[in-house]
Amino acid sequence: MKFNKTHLSSALPFFLIMLMAFTSFGFSCSQPGYEWLEQMKNAEKSTVLLNNSKGVVPLLNLADNKIASVNMGYPYATEFDSVLNKYTDISRFSSLGYSSGSPDLDRLSFDLKLFNTVIIQTPGAVLNDIKSRTFIRDLEKSKQVILVLFGNPTHLAVLDSLECPIIWSAQSSPLASSFTAQLIFGGTAASAKLAVDVSQKHKRGDGFSTVATRLKYSIPEDAGINSAALTRIDDVVKEAINKHATPGAVVMVVKDGKVIFDKAYGHHTYGGPFTTKLTDIFDLASVTKIAATTMAAMRLYEQQKLRLDTNIGAYIPLARGTNKNNLTVRELMLHEAGLVPYIPFHNSIKPDDFSRDSSALFSVKVADNYYIRKGFYEDIMLPRMLSTGLRQRGKYEYSDLSMYFMKEIVEGQTSEKLNEYVFQQFYKPLGMQTAGFNPRMRFDTSRIVPTENDTYFRKTLLQGYVHDQGAALAGGVAGHAGVFSSANDLAILFQMMLNGGTYGGQQYLQSSTISMFTSRQSNTSRRGLGFDRWDPDRTNRYPSELASPETYGHTGFTGTCVWVDPRYNLIYIFLSNRLNDQPANKLSSLRIRPRIQDIIYEAIQNTRVSSNR
């Protein structure tokens with residue numbers, strides 16, 4: 001017996017699925033995406049959801065689901081599983097690795113024992129085998145099963161005894177695989193009905209309807225945008241790579257809840273062997289401020305555990321008796337507390353503060369072969385931050401210290417470490433698979449893009465260790481830096497924001513909270529609470545010449561950005577490792593990020609002009 005199990009650590013690039021779909025339907029790649037869109041509509045019309053009276057589809061509560069996907073002979077299983085894995089972590093099995101005999105199917109059942117949800121994909125012919133049907137019936141006795149059936153509807157006739165949801169697609173293709181996989185998670189919606197009676201149980205007119213609750217993975221035409229208008233993005237990113245502004249990048253565009261552009265470019269390093277992938281994990285740097293710390297602050301604000309105009313001494317006992325005591329939470333989050341911008345903690349490390357080997361005394365790993373002594377943050381860093389002088393309160397001056405202090409406030413109010421809190425409250429239930437602090441503890445280095453060859457502090461290649469020196473000395477978890485993520489995970493998080501706090505049928509934040517934190521909250525700067533925003537000084541062209549005044553987000557020093565524009569229902573994500581073996585400011589001086597953003601807006605606006613003619 002050949003055991004065949006694959007853990008899906010990376011997803012098949014979506015453009016490849018689209019290419020295969022075109023090929024399947026006899027299209028050439030040069031033909032307009034509207035033809036693909038028509039075929040997707042046909043898939044929707046010919047896909048029926050049955051046995052869903054309990055509302056299992058779309059799947060909810062991802063944090064509580066351990067999901068397996070079982071291929072029982074479906075030829076497009078790779079495409080199907082790749083799309084599933086965009087929504088949450090999926091483990092993949094294939095019955096082809098087992099013989100058709102009952103003992104081997106029993107072994108497959110045994111291997112699925114630790115999963116509580118099993119998605120089965122199968123062509124209809126497989127169901128002619130009574131052993132296969134018995135396998136499915138037995139499995140649904142102890143697990144939540146979702147059966148996806150491709151092909152002739154007559155095969156539904158042998159499934160009357162099943163109680164689990166059945167998704168039947170008349171088509172068998174990569175495109176049908178994409179649609180049905182998205183349907184399971186609410187990326188697409190079910191509306192079709194059976195056109196004929198197929199059994200005593202499943203009759204003409206049967207079929208449940210659902211609504212879309214999560215991201216849809218599609219093409220620009222699905223959002224009314226011509227794909228050709230976005231090809232200029234390729235030229236800008238290639239320019240960045242050719243001019244050594246960054247060795248690689250990932251660009252993602254989400255419009256109207258649909259991922260319409262998702263592309264990886266270049267390599268992990270200049271001339272290196274690892275090509276950049278959509279699923280690669282990047283150091284987000286200051287995007288951490290909005291992807292972690294501010295998310296936690298919004299949740300605590302709603303729970304009335306955090307008051308914006310309360311002094312921080314009320315939340316941080318160590319601040320009492322210092323000049324930081326009377327600073328307010330609002331001032332911290334607006335960068336108007338008069339804090340110094342930055343403290344180079346790494347410059348004051350003494351020889352007895354670090355070791356090249358780990359031990360009980362040197363337990364904080366800062367990089368490979370670099371360990372800082374236990375308590376360095378508590379004994380050295382935090383007291384120094386509390387003892388620094390203050391500049392002018394009420395004046396905008398960007399400072400990392402503000403989010404160092406916000407981390408302390410969050411942890412004091414939640415009794416949890418910041419990394420654990422945001423993972424449990426946001427990342428895990430949203431289905432975000434890569435986002436989090438200290439990725440080396442969870443992922444192989446091949447998935448993590450190396451940030452910089454550090455020649456001045458840690459004297460090693462930084463791969464999976466946060467670039468920011470202070471965050472590294474704090475153990476990799478800080479309020480201003482430390483989160484690593486893929487583009488897809490960021491899209492999920494900020495689509496939740498764009499949805500007014502809901503995603504996948506679950507409410508994470510109130511829309512009024514999001515509106516307040518992301519709107520302009522200061523008379524002296526453009527800032528929101530934790531969020532950077534559109535700059536009213538149009539000479540700055542920030543973040544884009546064409547962005548609306550409602551735009552909010554943040555940039556990261558490592559070469560990252562996330563910008564959300566509610567007016568256009570738009571999310572723009574750019575991830576890179578610009579610090580890798582080149583001057584850090586080249587990406588900015590070439591205006592790579594804003595130029596790409598301009599292209600996106602131009603594509604949207606040109607589409608509007610065309611539609612109004």
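Since we're looking at a predicted model, the values are computed, not measured. Only this structure's heavy atoms are used, side chains among them; waters, hydrogens and symmetry mates stay out.
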Visitor: Please give me the minimum heavy-atom distance between L300 and V410, naming the atom from each residue.
Guide: CD1-CA, 3.9 Å
Visitor: Can you list every pair that meets salt bridge (Lys or Arg N to Asp or Glu O under 4.0 Å) and has a residue in residues 591-605, with sequence neighbours left out?
Guide: R232-E602, E239-R595
Visitor: Would you say F274 has more than 12 foreign heavy atoms packed within less than 6.0 Å of its CZ?
Guide: no
Visitor: Starting at OH of Y301, measure out to CZ of F517 and round the result to the nearest 0.5 Å.
Guide: 6.5 Å
Visitor: Do D532 and K289 sit within salt-bridge range, that is, some charged N less than 4.0 Å from a carboxylate O?
Guide: no
Visitor: Evaluate W563 against Y542 for ring-ring contact (aromatic ring centres under 6.0 Å, His included), listing each step before the verdict.
Guide: CA-CA 11 Å; W563 291 106; Y542 186 81; 5.4 Å; yes
Visitor: Do the side chains of D565 and Y601 get nearer than 4.5 Å, heavy atoms only?
Guide: yes
Visitor: With rounding to the nearest 0.5 Å, note down the distance linking CE in M40 to CG in D222.
Guide: 7.5 Å
Visitor: Only distances under 3.5 Å count here; give the side-chain donor-acceptor pairs of residues 416-430 to other protein atoms, sequence neighbours excluded, each with its distance to 0.1 Å.
Guide:
residue, atom, partner, partner atom, Å
Q425, OE1, R299, NH1, 2.4
Y427, OH, A291, O, 2.7

Visitor: Taking all heavy atoms of M295 and all of L509, pick out the closest pair and write down the distance.
Guide: SD-CD1, 4.3 Å
Visitor: Test side-chain contact (heavy atoms from CB on, under 4.5 Å) on T524 and K395 and set out the steps.
Guide: CA-CA 7 Å; T524 60; K395 177 184 177 182; over 6 Å; no
Visitor: Applying ring-ring contact (aromatic ring centres under 6.0 Å, His included), name anything that partners Y404, two or more places apart in sequence or on another chain.
Guide: H480
Visitor: Please say whether the positively charged group of K324, taken as NZ for Lys or CZ for Arg, lies over the ring of F405, i.e. under 6.0 angstrom from the six-membered ring centre and within 45 degrees of the axis.
Guide: no
Visitor: What pairs with Y552 under ring-ring contact (aromatic ring centres under 6.0 Å, His included), at least two apart in sequence or on another chain?
Guide: F531
Visitor: Taking side chain to side chain donor-acceptor pair (under 3.5 Å) as the test, write out the residues that go with Q507, two or more places apart.
Guide: none
Visitor: As an exercise, state the distance from CG of L498 to CD of Q495, rounded to the nearest 0.5 Å.
Guide: 5.0 Å
Visitor: Roughly how far, to the nearest 0.5 Å, is CD of Q182 from NZ of K258?
Guide: 11.0 Å
Visitor: Kindly determine whether H268 and D280 satisfy side chain to side chain donor-acceptor pair (under 3.5 Å), including the steps that lead there.
Guide: CA-CA 9 Å; H268 284 191; D280 281 344; 2.8 Å; yes
Visitor: Taking the side chain as everything from C-beta on, heavy atoms only, tell me whether W534 gets closer than 4.5 Å to R526.
Guide: no
Visitor: State whether the number of non-hydrogen atoms from other residues, nucleotides or ligands found under 6.0 Å of D309 atom CG is greater than 12.
Guide: yes
Visitor: Mind listing the closest non-hydrogen atom pair of G559 and L587 along with its distance?
Guide: CA-CD2, 3.9 Å
Visitor: Of all residues at least two apart in sequence or in a different chain, which pass the side chain to side chain donor-acceptor pair (under 3.5 Å) check with T513?
Guide: E302
